[in-house]
Amino acid sequence: MSRILKSGNGWRLGWDASANEFKGLVGGENWAIELTEEEWNDFRRLSDQLHEILEQIAQELMEEERIACELESDRIWLEAEGFPHAYSLRLIVQTGRRAEGYWENAIELRQALSTIEGF
């Protein structure tokens with residue numbers, strides 16, 4: 001499994017194990033950012049952590065309450081905003097080339113991330 005490209009409603013994910021520098025790809029309908037393997041791993045880890053935090057906080061919130069939560073590493077900054085069951089996700093690549101991305105509905109993106117093995 002050297003190259004994978006998956007897409008869904010407003011998102012794209014890709015992986016090219018044979019690429020020299022930028023192995024990962026994240027994107028939306030009309031944009032994409034290539035990520036190094038370390039950035040990709042941070043993106044997946046932080047996305048999982050944000051989702052877990054939102055699930056934990058959901059028990060403390062009223063149904064109509066929105067929440068914003070952010071996490072970062074030295075390579076990636078992520079912010080989830082919305083409801084625990086329907087939130088957007090904002091990405092900033094904090095390494096040299098500086099890039100930003102945004103997904104209106106991050107639930108499907110997160111589900112796709114968790115189903116891809118070998119990344």
Side-chain angles (χ1 to χ4, degrees):
M1 174 170 52
S2 67
R3 294 181 81 178
I4 298 172
L5 181 62
K6 291 188 169 192
S7 61
N9 185 20
W11 60 268
R12 290 185 285 164
L13 295 172
W15 180 258
D16 182 357
S18 65
N20 290 330
E21 186 173 0
F22 299 106
K23 297 182 180 216
L25 178 131
V26 296
E29 294 281 336
N30 302 310
W31 62 272
I33 302 167
E34 291 182 315
L35 301 176
T36 65
E37 185 169 0
E38 294 79 16
E39 291 166 345
W40 175 264
N41 290 335
D42 283 4
F43 175 72
R44 288 189 69 189
R45 179 178 52 81
L46 294 173
S47 175
D48 285 346
Q49 289 175 343
L50 275 173
H51 186 76
E52 291 170 12
I53 289 168
L54 292 175
E55 283 186 337
Q56 291 172 358
I57 292 173
Q59 300 168 17
E60 308 296 324
L61 296 175
M62 307 250 320
E63 197 168 306
E64 66 275 8
E65 285 185 285
R66 300 175 62 90
I67 189 166
C69 185
E70 60 184 62
L71 292 174
E72 68 181 313
S73 69
D74 57 342
R75 295 176 277 266
I76 297 290
W77 177 90
L78 284 182
E79 178 190 50
E81 196 275 325
F83 302 100
H85 61 280
Y87 56 88
S88 62
L89 189 65
R90 182 172 307 280
L91 159 74
I92 297 177
V93 177
Q94 303 193 109
T95 54
R97 63 194 187 285
R98 307 277 180 185
E100 292 187 34
Y102 177 79
W103 297 270
E104 182 67 33
N105 182 353
I107 297 294
E108 189 177 330
L109 172 73
R110 187 196 173 277
Q111 290 169 341
L113 272 172
S114 66
T115 62
I116 298 173
E117 296 295 328
F119 280 16

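Treat the numbers as computed from the prediction; the structure is a model and nothing was measured.
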- Query: Would you say the side chain of R110 lies within less than 4.5 Å of the side chain of Y87, judging by non-hydrogen atoms?
  - Reply: yes
- Do L25 and I33 come close enough that some side-chain heavy atom pair is under 4.5 Å? no
- Item | Nearest heavy-atom neighbours spanning A112 and L13 | CB-CD1, 3.9 Å
- Check: R98 side chain, I92 main-chain N or O, donor-acceptor pair, under 3.5 Å: no
- Locate the shortest heavy-atom distance separating E81 from A68; write the atom from each residue and the value. CG-CB, 3.9 Å
- Query: Say you draw a straight line from CG of L91 to CH2 of W103; how long is it, rounded to the nearest 0.5 Å?
  - Reply: 4.5 Å
- Task: To the nearest 0.5 angstrom, please state how far the CZ atom of R97 sits from the CG atom of L35.
- Result: 6.0 Å
- Query: Say you draw a straight line from CG of D42 to CD of Q49; how long is it, rounded to the nearest 0.5 Å?
  - Reply: 9.5 Å
- Message: Does any part of the side chain of V26, heavy atoms only, come nearer than 4.5 Å to the side chain of W40, both counted from C-beta?
- Response: yes
- Message: Quick check for you: to the nearest 0.5 Å, what is the distance between E70 atom CD and L78 atom CG?
- Response: 10.0 Å
- Evaluate the side-chain proximity of I67 to E65: yes if any heavy-atom separation is below 4.5 Å, no if none is. no
- Under the 3.5 angstrom rule, does the side chain of R44 hit a backbone N or O of L113 as a donor-acceptor pair? yes
- Item | Value rounded to 0.5 Å, distance of CD in E100 from CD in Q94 | 10.5 Å
- Task: Could you state whether L5 and F43 fall into the same hydrophobic cluster, counting links through intermediate Ile, Leu, Val, Met, Phe, Trp or Tyr residues with side-chain heavy atoms under 4.5 angstrom apart?
- Result: no
- Query: Okay, side chain of E108, backbone of N9: is any donor-acceptor separation there less than 3.5 Å?
  - Reply: yes
- For E34 and F22, which heavy atoms make the closest approach, and how far apart are they? CB-CB, 3.6 Å
- Hey, what do you get for NE2 (H51) to CD1 (I53), rounding to the nearest 0.5 Å? 11.5 Å
- Hey, does R66 have a side-chain heavy atom less than 4.5 Å from the side chain of F83? yes
- Query: Sub-3.5 Å donor-acceptor pair from the side chain of K23 to the main-chain atoms of W15, do we have one?
  - Reply: no
- Query: Where the side chain of T95 meets the backbone of R75, is there a donor-acceptor pair that is under 3.5 Å apart?
  - Reply: no
- Task: Flag yes if I107 and L61 sit in one hydrophobic cluster, no otherwise; membership is Ile, Leu, Val, Met, Phe, Trp, Tyr, and two members link when side-chain heavy atoms are under 4.5 Å apart.
- Result: yes
- Query: Are L71 and I57 joined in one hydrophobic group, where the rule is that I, L, V, M, F, W and Y side chains link up if heavy atoms are under 4.5 Å apart?
  - Reply: yes
- Compare every heavy atom of A32 with every heavy atom of R12, then report the nearest pair and how far apart it is. NH2-CB, 3.6 Å
- Task: Search all heavy atoms of L46 against all heavy atoms of S73 and return the closest pair with its distance.
- Result: CD1-N, 3.9 Å
